[in-house]
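A short worksheet on the structure shown next.
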There are 2 protein chains.
Amino acid sequence: MPQPSAPRKALGRPPRISREEIIETARRIVYEGGVDRLTMRRLATEVGSTPMALYHHVRDKEELLVLLLDDYAARTLRRPELPADPRERVVVAAAAIHEALVACPWIVEVLTADDLMSTTALWFVEQIVDGLAACGLSPDRAVHGYRAIWYYTAGEIVVRTTAARRRAGDDRTTYRERAFAELDPHELPRLAQVADRWAPLTAEDTYLDGLRALVDGLLLSR
Amino acid sequence: MPQPSAPRKALGRPPRISREEIIETARRIVYEGGVDRLTMRRLATEVGSTPMALYHHVRDKEELLVLLLDDYAARTLRRPELPADPRERVVVAAAAIHEALVACPWIVEVLTADDLMSTTALWFVEQIVDGLAACGLSPDRAVHGYRAIWYYTAGEIVVRTTAARRRAGDDRTTYRERAFAELDPHELPRLAQVADRWAPLTAEDTYLDGLRALVDGLLLSR
DNA sequence: ACCTGAACACCGTTCAAGT
DNA sequence: ACCTGAACACCGTTCAAGT
C-alpha cells in the first residue's frame, strides 16, 4: 500500500492523482451531497480518473471514510481553553468532541465503521482521562469513565442524526408515534402523561445536562 | 399498503405469501448469515417468490428492518422482576433492554434507521421514566433522564458491535492502535501510561457501572 | 388483489493488460 | 509504478403487463 510518502526514486510512471486530491474531492462530494453520494465510481469521475485508480491510493472504501474523518478532525477540532477545575475540564473536552461531531452528521457511518478517531482527537481523550484521574479515580476507572462518556456521546450523535434524517425524509408516522397514540394509560401511566409532549421533549438538546450527570455520577463512586 | 388485516372480502387473486412469512424468512436469513445477507432479492428467492412480490407486503427495505426489530422485541423481551427501590428499577429496566440488544448485534443497522422501538419496549421505557419520577424528578426531567440512558445504551451497543465486527474482520491495525503506538508521552502522559492496557481495558464490559453512575448523577441534581 | 419479467440506475472490487 | 477496460457479482426499486 503506497503512502503519501517520503521522497522516492522516480521509478515507473509518475502519479496522476494523489491521496490528498482524493480526500479533498471526497470531502467536497460529502459536503455537497451527503455520504450517500460518496461512491468510488462517482469519486473517480470527479477526480478525473477511473474507479480502479483510487484503489492504488486507498485500500478500500472504509479506509477512505476513516481518512475523511481524520481529515475532518485535523481541520476543525480546535483545542478549547480548559478550566482549572478538573471536573469542568472533563465536561469541556467531551463537549468539544460532541460539538465537532454534531456539525458533521455523515460521521455516523464512520463511527459505526471504526471507533474513535484520529491522532488529533487523542488530546481530548487525554484531557478527559486526566481530568477524571485528577478527581481521584484510579487510572483504570478513569479509562472506563472516558469510555462511558464516549458511549453517551456517540449514542447521542447516532440517535440525533437518525431522528433528523427521519424528519427530513418523509411524512409517514413513525412506529413510536403510532405506539404512543394507542397507548393504554392504565398500563403505562407515565408515558400517557407525557405522550403529547414526547416529541418536543426528546427533541430538546440535553446533551450537556446528561454529560454533567454522568460525570457527577462517575465521580461519586470514587 | 396492505395490513396483515381484518377478514376481507375475497376479491381478486388470493395471496401466495404473507407478511408473517416474509418476516419469518427474513429473521432466518439474518440469524444464519447476518444483516448484510438480507437483501430483497435473496429474501424473495428464499420465500419462493420474486423481489417485487415483497413490495406488496412491506413498503420498502427499511420498513422490513423495523418490522424485524419489532418481531425480535416481541419474541425475546421478557419483563424482569422489578425491585421495589425505584432507582434499582431504572437500572434493571435499562439493563434488560441492553441485554436484549447485545444478543442481537444486527440491530445497529436498525437503531441507526429508526429510534426506539416497538410497543413491547414501551413497558421498559415506562419503568425507567416512572422510576426516575418516583425518585423525585419532574416529568420533564424524567423523560430527559430516560433519553440520556437511551443515548448511553445505544452508544454502548453501536461501539461494542463495531469493535467486535472489526476484531472478526481482519488483522490490519486500527488507526487508534497506530496512534497509541507513536504517542508522545510528554504531551499525552495519561494515555501513555495506559497505552499497552488500552485494548483490554476498553474491552471490559462496564455497561452496568456506567449505567449506575449515570442514574446516580441524574438523581443528584434533583 | 396479487404476482411476474424486464428493465433502470446503480454499487464495490478483482483481474489482466497497457504505458 | 501507476492507470485503464472489461467484467463479476451483486444491489433497491419502478413500470407495465399478466392472472
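Chain letters run A, B, ... following the sequence lines, proteins first, then strands; residues in each count from 1. Quick note: numbers below take in every heavy atom, side chains included, and nothing from hydrogens, waters or symmetry partners.
- Applying a 4.0 Å cut-off to non-hydrogen atoms, the residues of residues 39-49 of chain B that approach DNA chain C are R41(B), S49(B), listed by residue number.
- The distance between atom CZ of R19(B) and atom C1' of dC2(C), rounded to the nearest whole Å, is 15 Å.
- One atom, NE2 of H56(B), and another, P of dT13(D), lie 15 Å apart when rounded to the nearest Å.
- When the P atom is used for both dA9(D) and dC8(C), the distance is 22 Å, rounded to whole Å.
- Between the E126(B) side chain and the L191(A) main chain, a donor and an acceptor come within less than 3.5 Å of each other.
- Salt-bridge check for R141(B) with D209(A): failed, with every basic side-chain N at 4.0 Å or more from each acidic carboxylate O.
- In this structure, the nucleotide among dT13(C), dG5(D), dT13(D) sitting nearest to the side chain of P51(B) is dT13(D).
- Atom pair L65(B):CG and dC11(D):C1' shows a separation of 15 Å (rounding to whole Å applied).
- For W198(B) and Y146(A), the gap between ring centers is short of 6.0 Å.
- Considering CH2 of W106(B) and CD1 of I29(B), their distance stands at 12.5 Å, rounded to 0.5 Å.
- We find the CZ-CG distance between R190(A) and L122(B) to be 16.0 Å, quoted to the nearest 0.5 Å.
- Rounding to whole angstrom units, CZ of residue R59(B) and P of dT13(D) are separated by 11 Å.
- Of the candidates dT4(D), dT13(C), dC2(D), dT4(D) carries the atom nearest the A53(A) side chain, counting heavy atoms from C-beta on.
- Atom-to-atom, NZ of K61(B) to C1' of dC10(C) comes out at 15 Å; the value is rounded to the nearest Å.
- Without hydrogens or angle criteria, R19(B) side chain to H57(B) main chain gives a donor-acceptor distance under 3.5 Å.
- A distance-only check finds no donor-acceptor pair linking the side chain of Y72(A) to the backbone of L101(A) [under 3.5 Å].
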Polar-atom pairs under 3.5 Å, protein N or O versus N or O of nucleotides 15-19 of chain C: list them with distances, or write none.
from: dG18(C); atom 1: N2; to: R13(A); atom 2: NH1; distance (Å): 2.6

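- Considering SG of C104(A) and CZ of R75(A), their distance stands at 12.0 Å, rounded to 0.5 Å.
- In this structure, the separation between CG on L54(B) and NZ on K61(B) is 11.5 Å, given to the nearest 0.5 Å.
- Following rounding to the nearest Å, L64(B) (CG) and dT13(D) (P) show an atom-to-atom distance of 10 Å.
- At a threshold of 4.0 Å, the pair R78(A)-E99(A) does not count as salt-bridged, since none of the basic side-chain nitrogens sits closer than that to a carboxylate oxygen.
- Within 6.0 Å of CZ in R28(A) there are more than 12 heavy atoms belonging to other residues, nucleotides or ligands.
- Atom CG in D36(B) sits roughly 13 Å away from atom P in dT13(C) (whole-Å rounding).
- Comparing dC2(C), dC2(D), dG12(D) against the side chain of P15(B) picks out dC2(C) as the nearest.
- OP1 or OP2 of dC2(D) has not a single side-chain nitrogen or oxygen of H57(A) nearer than 4.0 Å.
- Place R37(A) and R16(B) on DNA chain C by their nearest nucleotides, and R16(B) ends up nearer the 5' end.
- Between R42(B) and E32(B) there is no salt bridge, since no side-chain N of the basic residue sits under 4.0 Å from a carboxylate O of the acidic one.
- Taking atom OH of residue Y55(A) and atom C1' of nucleotide dC3(D), one finds them 15 Å apart after rounding to whole Å.
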_Secondary structure of DNA chain D in dot-bracket form (Watson-Crick or G-U wobble, distances below 3.5 Å, | marking inter-strand pairs)_ = ||.|||||...|||||.||
